Amino acid sequence: MLQTLAQSLAAAEAGGYAVGAFNVSDLNQAYAVLTAARRTGSPVIVQAIAGMAAYEDEAWWWARLREVVVSFDDVPAVLHLDHGRSYDDCARAIDAGFSSVMIDASRDEVTDEPSDFDSNVALSLRVVEIAHPAGVSVEGELGTIGGAEAGVRGEVDEIVFADPEQAEEFVRRTGVDALAVAVGTSHGSVKLGSQRLRIPLIAEIKERLPNTYLVLHGSSSIPGEAVATINAHGGELPESHGIDTEQKQQAIESGIRKINQGTDSHLAWTAALREFSDRERSVVEPSIATAVAMGAMERIVEQRMHEFGSVGRAAALTPAGR
Ligand code: 13P
């Protein structure tokens, strides 16, 4: 059951939980994420980044992705464009039937320098003006989350914290449904700095924006076991530490309703695949290895759904009789 982001997060707000938003770049990952949602009775956000996929033809990929999401008709799911960098990215996603788009105008599309506030407002507003009439939700971004997001931008080695007063003005001027706030996390498998969440900052922004859904990006925990498994089987990942579960749960208590996670799923996938390939040296049938990786991704996504409190919430969102 395809939902908009606003519908999904309104229920999360009422229930005091967060919905996990999981990055996918092929159909097998989407299947794994949706299977985890079905198994745990959880709402879910399936998100894709423009330019980041196993397929060359974006229109083909997005159409198939939408079909896969819709085919899980018992799962309340949002199909979301993560980190749209331009008006055009968002317009294509709306045309492709996404139910939600993010316009990340926090940094200039061309120079990658922090955008000035008015330019961020202007571009975000233009996206809201095409999305809302089409029944599509919009997420904006304020501040700089930092780190490296594959397909989006190179390494950004700074975190510019969101300013509560600006957050209020940003929402008033743009009408976005959800707001990604820079509160101490960073993207990717190598995290910046201490990765301590500024919980009072989240609470302050929420107090000023009671009707806006707050989003936490860069939320992967970077499980040490996954990194160790990858490195034990030929990988070369540096040690890194993400946000722990306790901090994420404090963030939910302070008003975060959407939690973005890509890297943890990808680490689980890669660890399972490397371990399998090392152990089963004569297996060449691709589906056997793919199923192992999908299973690993399903497990980490299920675990996150438990941690975010979204397990068992689907029943209240699915039309009766399903
Ligand atoms: P991670 O890299 O921490 O998984 O964050 C993903 C994200 O925020 C996608 O927008």
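We count ligands from 1, going down the list as the structure has it; atoms in each ligand are counted the same way. None of the values given here were measured: they were computed from a predicted structure.
Taking Ile, Leu, Val, Met, Phe, Trp and Tyr as members and joining any whose side-chain heavy atoms lie under 4.5 Å apart, directly or through other members, the hydrophobic cluster of V227 also contains I222, I230, L237, L267.
Relative to atom 10 (O) of ligand 1, the option among D82, T263, T185 with the closest non-hydrogen atom is D82. With distances taken over non-hydrogen atoms, the option nearest atom 5 (O) of ligand 1 out of G218, A21, A180 is G218.
Ligand-side atoms of ligand 1 in range of H217: 8 (O), 10 (O), range being under 4.0 angstrom from any heavy atom. Close contacts of ligand 1 with H83, meaning ligand atoms under 4.0 Å from a residue heavy atom, involve 10 (O). Those atoms of ligand 1 that come under 4.0 Å of a heavy atom in N23, given as number and element, are 9 (C). Remark: ligand 1 atoms within the under-4.0 Å shell around heavy atoms of Q261 are 4 (O).
Judged by distance alone, with hydrogens and angles left aside, the side-chain atoms of R85 form a donor-acceptor pair with the main-chain N or O of R107 at under 3.5 Å. Panel note: side chain Q166, backbone D163; no donor-acceptor pair is recorded below 3.5 Å.
Contacts of A37 classified as side chain to side chain contact (heavy atoms under 4.5 Å, CB included), with partners at least two apart in sequence or in another chain: V44, V75, M305.
In terms of polar-atom proximity, defined here as any N/O pair under 3.5 Å, H187 does make such a contact with ligand 1. An N or O contact shorter than 3.5 Å is missing between D264 and ligand 1 by distance.
E141 and H217 form no side-chain donor-acceptor contact under 3.5 Å, judged by distance and modelled atom types alone.
In this structure, G188 is part of the shell of residues with a heavy atom less than 4.0 angstrom from ligand 1.
Note on ring orientation: taking the six-membered ring where Trp is involved, the planes of H83 and H187 are perpendicular (angle over 60°, cut-offs 30° and 60°).
To the nearest 0.5 Å, atom OH of residue Y87 and atom CD1 of residue I94 are 7.5 Å apart.
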